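What follows is a single structure, and I will ask about it in a moment.
Labels below follow one simple rule: chain letters A, B, ... track the order of the sequence lines, proteins then strands, and each chain is numbered from 1. Just so it is clear, the model here is predicted, and its values are computed rather than measured.
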Protein chains: 2
Amino acid sequence: MTKFSHSLNCIDCNCKSIIFKKLTDAELELINQNRFEVNFKAGEIMFKQGTPSPHFLCITKGLAKLYIEGYGKNLILGLVKPVEYIFGPGVYVDNRHHYSAAAVEDSSACMVDVNTYKHLIRENPDFAEEFIKRVSLQSIFNFDQFVSLTQKQMHGRIADALFYLSDVIYCKNPFDMTISRQDLADISGMSKESAIRILKEFKEEGILTVEGNNVHILNPAQLKKISETG
Amino acid sequence: MTKFSHSLNCIDCNCKSIIFKKLTDAELELINQNRFEVNFKAGEIMFKQGTPSPHFLCITKGLAKLYIEGYGKNLILGLVKPVEYIFGPGVYVDNRHHYSAAAVEDSSACMVDVNTYKHLIRENPDFAEEFIKRVSLQSIFNFDQFVSLTQKQMHGRIADALFYLSDVIYCKNPFDMTISRQDLADISGMSKESAIRILKEFKEEGILTVEGNNVHILNPAQLKKISETG
DNA sequence: ATAGTTTGCTGATAAATATCAATGGTCAGA
DNA sequence: TCTGACCATTGATATTTATCAGCAAACTAT
């Protein structure tokens, strides 16, 4: 038995994104008719920066990373877990993806036709406001990340990344870090080696334990302090 | 004779933001009844991060900077010139400003009641789409800046900032840099001293001339190359 | 004009961070 | 079981960048 049953239709789907609570059954049915589900193995690319963007993706299983491909390095904008939508900013501008997405774990995504979405945004003001709110929340999150990456030193940035993983993504404290060390570095805007070294320092100072991919934050207060003092 | 006449009403205002082209005269009149204009002297704060956000601002004269206050340092998200709106992401989330704004030059701003705006977004789907497009463009711009600041070295970041000033803000090539060196540093995410030093290096290499606040990019091709090679 | 304040500039130094090179571990597939 | 590929780790080193201190220049307000 799977945790979610989402294959049949959108109305009964018990994993539906909270953005849909503003839609009527008829509107949900319209979404249902213009969607399909895709499975991705860990590591597979969901969409690529620069390509056309005919669908909004909703992650229904697994974990995805959103990243901008720079020069050699990648910058991870965030991770997306069930049941969250990826609302790329290109849809209302140039119909292109402005970042790439890849599956970190084995994942599934529901792909909804962009035009159906746009239609509902025009027709249903509550839905439109909810959409704008989602996009705004995304912006605010990006601002926080922006400040962290440009104004804090490496220790503070790793601290921020660890809180993000523990509090927002995995939502537990001893957590299995399904992302790689390179991904952690790409979230924190540093080299892989630096990320590993700082993890080791935190371990030596008794702030956390690291065993393979399992991380346990023992002293959140001290980690918080490191985050705040840069 | 002033360049813009915008004091009387919104319908005839020849400096109105292009976002208004989707509005009827009646809708513009509604905006007109729920706005007022304010003048700011250079250096004055227009609104402060964390405070309530009851208005959208449209810069009608001068130049404003949007910046996030970090620890000691500021991060400038962008500059806003006439006739552009500042659509802060807090309006649909928590009614708070998530960054501060200050006048760089003597400036004027038209302040429009947020609820009037929200009302029109609900009523006029074309206007709503235009609004979403503006917000999306802002996001895309921030992504570019994000990559520049986190993945490029100082020379590339200053190059990007110079192109931004020349191409987007002042829109001419020998341009008078009305922002301070500290502002240039805050745009580029580095210390003031570093920004000054790199400007000096570019000058010595014949890429540009700097006389006081007047900057002339002599070799845009080489500057572009510096921007691209990080 | 003059004192005081801010802004721009420079050099020396220290700190932060990346790069390079090498090694061991793990896992999938022949 | 072996082999290759990839990932994690570590140490040594080089590079990048910030900080600090001092000084000149420009602007403000007596």
Side-chain angles (χ1 to χ4, degrees), chain A residues 41-44 65 70-76 102 104-106 148-161 176-204 208-215 226 229-230, chain B residues 41-44 65 70-76 102 104-106 148-161 176-204 208-215 226 229-230:
Chain A
K41 274 185 237 154
E44 286 183 345
K65 64 176 174 184
Y71 296 88
K73 286 187 268 186
N74 287 338
L75 171 67
I76 292 184
V104 172
E105 308 169 4
D106 290 347
S148 174
L149 292 200
T150 57
Q151 304 211 333
K152 291 184 185 181
Q153 300 187 177
M154 294 197 300
H155 292 78
R157 305 209 298 269
I158 288 287
D160 287 343
D176 280 318
M177 205 164 65
T178 53
I179 63 171
S180 68
R181 299 294 195 268
Q182 181 67 62
D183 286 335
L184 178 64
D186 289 342
I187 289 174
S188 317
M190 66 186 68
S191 70
K192 182 185 51 175
E193 292 92 332
S194 292
I196 290 169
R197 257 183 272 266
I198 289 164
L199 229 42
K200 188 186 166 192
E201 280 181 49
F202 285 171
K203 193 175 162 183
E204 284 166 355
L208 44 77
T209 61
V210 184
E211 293 190 27
N213 286 331
N214 190 271
V215 176
I226 290 169
T229 56
Chain B
K41 274 185 239 156
E44 287 181 344
K65 64 176 174 183
Y71 297 87
K73 287 187 266 186
N74 288 338
L75 171 66
I76 294 183
V104 173
E105 307 169 6
D106 290 346
S148 174
L149 292 201
T150 56
Q151 305 212 331
K152 292 184 185 179
Q153 301 187 177
M154 294 197 299
H155 291 78
R157 306 209 297 268
I158 288 286
D160 286 343
D176 281 319
M177 207 164 65
T178 52
I179 64 170
S180 68
R181 299 293 195 268
Q182 182 65 62
D183 287 336
L184 178 65
D186 289 343
I187 290 174
S188 316
M190 65 186 68
S191 71
K192 182 186 52 176
E193 292 94 330
S194 292
I196 290 169
R197 256 182 271 267
I198 288 164
L199 228 42
K200 188 187 165 193
E201 280 181 48
F202 285 170
K203 193 175 165 184
E204 285 167 352
L208 44 76
T209 62
V210 184
E211 294 190 24
N213 286 330
N214 190 271
V215 176
I226 290 169
T229 56

(request) Grab the CE-C1' distance between M190(A) and dT19(C) for me, whole Å please. (result)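 Nearest whole value for this atom pair: 15 Å.
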(message) Side chains of R181(B) and L199(B), heavy atoms from C-beta outward: is any pair under 4.5 Å?
(response)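 Yes, side chains in contact.
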(request) Specify the separation, in whole Å, of atom NE2 of H155(A) and atom P of dA15(C). (result)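 Rounded to the whole Å, the gap is 14 Å.
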(request) Can you see which heavy atom on T178(A) is nearest to which on V104(A), and at what distance? (result)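 For T178(A) and V104(A), the tightest heavy-atom pair comes out as O-CG1, 3.6 Å.
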(message) Any non-hydrogen side-chain atom of K65(A) less than 4.5 Å from a side-chain atom of D186(A)?
(response)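 They are not in contact (no side-chain heavy atoms under 4.5 Å apart), so the answer is no.
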(request) Please report, rounded to the nearest Å, how far the C1' atom of dC27(D) is from the CZ atom of R181(B). (result)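 From R181(B) CZ to dC27(D) C1': 15 Å.
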(message) Contact between E105(B) and I179(B) at the side-chain level, heavy atoms closer than 4.5 Å - yes or no?
(response)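 No, side chains not in contact.
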(request) Specify the separation, in whole Å, of atom NZ of K152(A) and atom C1' of dT17(C). (result)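 Value for this atom pair: 18 Å.
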(message) Whole angstroms only, please: what is the CD-C1' distance between E204(A) and dT9(D)?
(response)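 Rounded to whole Å, this separation is 12 Å.
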(message) Is the shortest side-chain heavy-atom distance between D176(A) and V215(A) below 4.5 Å?
(response)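 The answer is no, as the side chains (C-beta and beyond) never meet within the 4.5 Å cut-off.
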(message) Just the rounded figure in Å: distance from C1' of dT9(D) to CG of L199(A).
(response)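 Value for this atom pair: 11 Å.
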(message) Expressed as a whole number of angstroms, how long is the span from Q182(B):CD to dT6(C):P?
(response)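 Checked: the CD to P distance equals 14 Å.
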(message) Expressed as a whole number of angstroms, how long is the span from K192(A):NZ to dA8(D):C1'?
(response)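 So the two atoms are 7 Å apart, to the nearest Å.
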What does the list of N/O pairs under 3.5 Å between the protein and nucleotides 19-25 of chain D look like, with a distance for each?
residue, atom, partner, partner atom, Å
dT19(D), O4, R197(B), NH2, 3.0
dC20(D), N4, E193(B), OE2, 3.2

(message) Taking the side chain as everything from C-beta on, heavy atoms only, tell me whether I158(A) gets closer than 4.5 Å to I226(A).
(response)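 They are not in contact (no side-chain heavy atoms under 4.5 Å apart), so the answer is no.
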(message) Between R157(B) (side chain only) and G189(B) (backbone N and O only), is there a donor and an acceptor less than 3.5 Å apart?
(response)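 Yes: the side chain of R157(B) pairs with the backbone of G189(B).
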(message) By nearest atom, which of the nucleotides dG8(C), dT17(C), dA18(D) is closest to the R157(A) side chain?
(response)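 In terms of side-chain proximity for R157(A), the closest of dG8(C), dT17(C), dA18(D) is dT17(C).
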(message) Please enumerate all residues that pass salt bridge (charged side-chain N to carboxylate O under 4.0 Å, His left out) together with K73(B), with sequence neighbours excluded.
(response)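 Here no residue qualifies.
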(request) For the side chain of K200(A), starting at C-beta, report the closest nucleotide among dT17(C), dC9(C), dT10(D). (result)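 Per side-chain heavy atoms of K200(A), the pick is dT10(D).
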(request) Indicate yes or no: at least one non-hydrogen side-chain atom of L75(A) is less than 4.5 angstrom from one of L149(A). (result)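 A side-chain contact under 4.5 Å exists here.
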Please tabulate, one pair per line, each protein N/O and nucleotide N/O from nucleotides 22-29 of chain C that are separated by under 3.5 Å, including the distance.
none

